[in-house]
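Contents: one structure, followed by commentary.
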Amino acid sequence: MNKDLADSTNTLHGARKTRANDEPVTPAVTVATSFFTHPDSIGFSASDLTDDSPFFYTRWGNPTIDLLERRLALLQKGEAAVAFASGMAAASALLFWKLKAGDHLILSNVCYAGVAELAHETLRKFGVEVTTVDASDPQNIARAITPKTQLVHLETPGNPILRLADISAIAEIAHKHGVEVSVDATIASPIGLKPLTLGADYEIHSLTKYVCGHGDALGGVVIGKKESIGAIRKDSLIHLGAALHPLAAWLILRGLETLSPRMLLHESNARRVAEFLEKHPRVDKVYWPGLPSHPQYELARRQMKNFSGLLAFTVKKDGESLARQLADRLKVISYAVSLGKTMSLLFRVPTEDILRTSFHMNDRDADAYRKWAGDGVFRLSVGLEDADDLIADLDQALK
Ligand SMILES: *Cc1c(COP(=O)(O)O)cnc(C)c1O
């Protein structure tokens with residue numbers, strides 16, 4: 001398979017071995033095994049692993065996981081990929097491999113709460129210095145770089161308020177100082193964003209979300225240069241041990257087959273719902289990268305190939321009691337915390353809670369967050385249901 005096939009073709013066929021006549025069309029589930037019999041060909045050290053090593057133990061590699069890794073690398077125009085048991089495992093694998101005591105990490109001040117807490121609490125415990133910045137202005141990154149800075153970690157769109165970061169502008173600034181850039185592109189999905197083509201050094205996805213899509217498996221991936229991915233496989237996958245289960249890899253590969261058409265429908269449904277919410281009298285602001293009213297719409301159009309199905313909105317008053325009302329009254333949409341599933345999910349993220357527990361912002365950045373998010377955002381992961389049914393469900397529940 002060559003690198004120039006379209007995403008929709010690669011999600012179905014990418015990195016497949018040439019198929020023999022009698023081979024099944026789906027990857028075999030029989031490789032849900034923890035080990036393989038190759039008594040003579042491997043050593044005991046992770047350093048013995050080479051490109052030609054046979055599969056012998058699933059924490060090191062497995063045919064089903066290998067197909068998923070190679071397919072995702074191809075799809076995102078990366079040299080190689082390494083999969084993990086969850087998105088958090090992928091993020092921590094990268095951060096623990098890349099950073100050591102005395103190093104400095106610059107982190108987007110709006111990002112997945114688990115990643116923010118991992119940086120502020122766990123990495124700090126190991127002597128890593130962490131600075132959070134509002135990454136919507138690349139100059140904030142430039143100002144935060146010190147001689148000890150090793151990595152800038154971005155999430156775009158950023159959870160939960162869907163603020164964006166300009167990957168090429170930030171990569172240019174960081175690279176001038178010899179600093180690498182990683183991007184968590186989970187919310188955009190691989191169809192919506194190709195961070196490596198914009199200058200990022202590493203790309204992370206929680207495969208649990210859009211890629212799997214069905215909410216029936218956890219997984220994560222880091223994509224990047226072959227040499228770095230090989231080192232992450234050794235230091236973080238083999239030694240830290242958060243290996244993906246081959247059955248989860250199989251479920252994620254099956255989800256990946258329909259990612260491209262699902263994202264088209266997530267996007268067009270999100271547009272319809274966002275336009276409805278923008279006109280609703282109870283709603284204050286709606287944030288979705290595909291709306292011309294998004295403060296960074298021009299950047300979204302330049303950087304994203306699909307605006308995805310996740311939107312956020314604020315209401316004029318009584319957000320907290322409205323959350324309870326929506327949880328009680330919504331019939332099609334579930335009040336639940338995940339995103340990227342086939343079915344629509346809604347959840348409210350109260351501003352003061354997340355500022356206190358996860359984000360560790362300075363006062364000025366916290367004020368900017370409050371200005372964007374009010375006292376809380378409703379995060380709506382628009383699913384694949386009929387858009388009119390979703391709108392009618394929200395309409396009756398918002399009354
Ligand atoms: C869910 C999520 C993660 C964590 O992924 P898990 O698979 O739940 O561990 C990381 N980043 C983003 C943006 C996410 O949405």
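Counting starts at 1 for both ligands and their atoms, in listed order. Not measured: the values here are computed from a predicted model.
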Quick one: nearest non-hydrogen protein atom to atom 9 (O) of ligand 1, plus distance? Met88 N, 2.8 Å
Relative to the heavy atoms of Gly219, which atoms of ligand 1 are at a distance of less than 4.0 Å? 7 (O)
Assess whether salt bridge (charged side-chain N to carboxylate O under 4.0 Å, His left out) is satisfied between Asp393 and Arg329, documenting all intermediate values. CA-CA 9 Å; Asp393 197 30; Arg329 287 200 199 159; over 6 Å; no
Does Lys98 come within less than 4.0 Å of Glu180, counting only side-chain N to carboxylate O? yes
Run the contact test for Ala89 against ligand 1 with a 4.0 Å cut-off on heavy atoms, strictly below, and give the result. no
Are Lys279 and Glu275 ion-paired here, with the side-chain N under 4.0 Å from a carboxylate O? no
Is a salt bridge present between Glu69 and Arg233, judged by a nitrogen-to-oxygen distance below 4.0 Å? yes
Which one holds for Thr186 and ligand 1: side chain close, backbone close, both close, or neither close, with close meaning a heavy atom under 4.0 Å? side chain
Heavy-atom nearest neighbour in the protein, as seen from atom 5 (O) of ligand 1, with distance rounded to 0.1 Å: Ser206 OG, 3.0 Å
For atom 6 (P) of ligand 1, find the nearest protein heavy atom and state the residue, atom name and distance (0.1 Å precision). Gly87 N, 3.3 Å
Ligand 1 atoms nearer than 4.0 angstrom to some heavy atom of Glu155 are 13 (C)
Is there at least one pair of N or O atoms, one from Val115 and one from ligand 1, spaced under 3.5 Å apart? no
Carboxylate-amine/guanidinium contact Asp367 Arg370, below 4.0 Å: yes
Which is closest to atom 10 (C) of ligand 1 in terms of heavy atoms, Phe84, Tyr112, Tyr210? Tyr112
Lys/Arg N to Asp/Glu carboxylate O, Asp395 vs Lys399, below 4.0 Å: yes
Between Arg348 and Asp375, is there a salt bridge with N-O shorter than 4.0 Å? yes
If you measure from each heavy atom of Leu339 to ligand 1, is any distance below 4.0 Å? yes
Nearest neighbour in protein (non-hydrogen) for atom 14 (C) of ligand 1: Lys209 NZ, 2.9 Å
Heavy-atom distance under 4.5 Å between the side chains of Leu107 and Val152, does that happen here? no
Flag the pair Arg71 and Asp66 as a salt bridge only when some basic side-chain nitrogen lies within less than 4.0 angstrom of an acidic carboxylate oxygen. no
Closest heavy-atom approach to atom 11 (N) of ligand 1 among Asp184, Thr156, Leu218 is made by Asp184
What protein heavy atom lies closest to atom 7 (O) of ligand 1? Include the residue and the distance to one decimal. Thr208 OG1, 2.6 Å
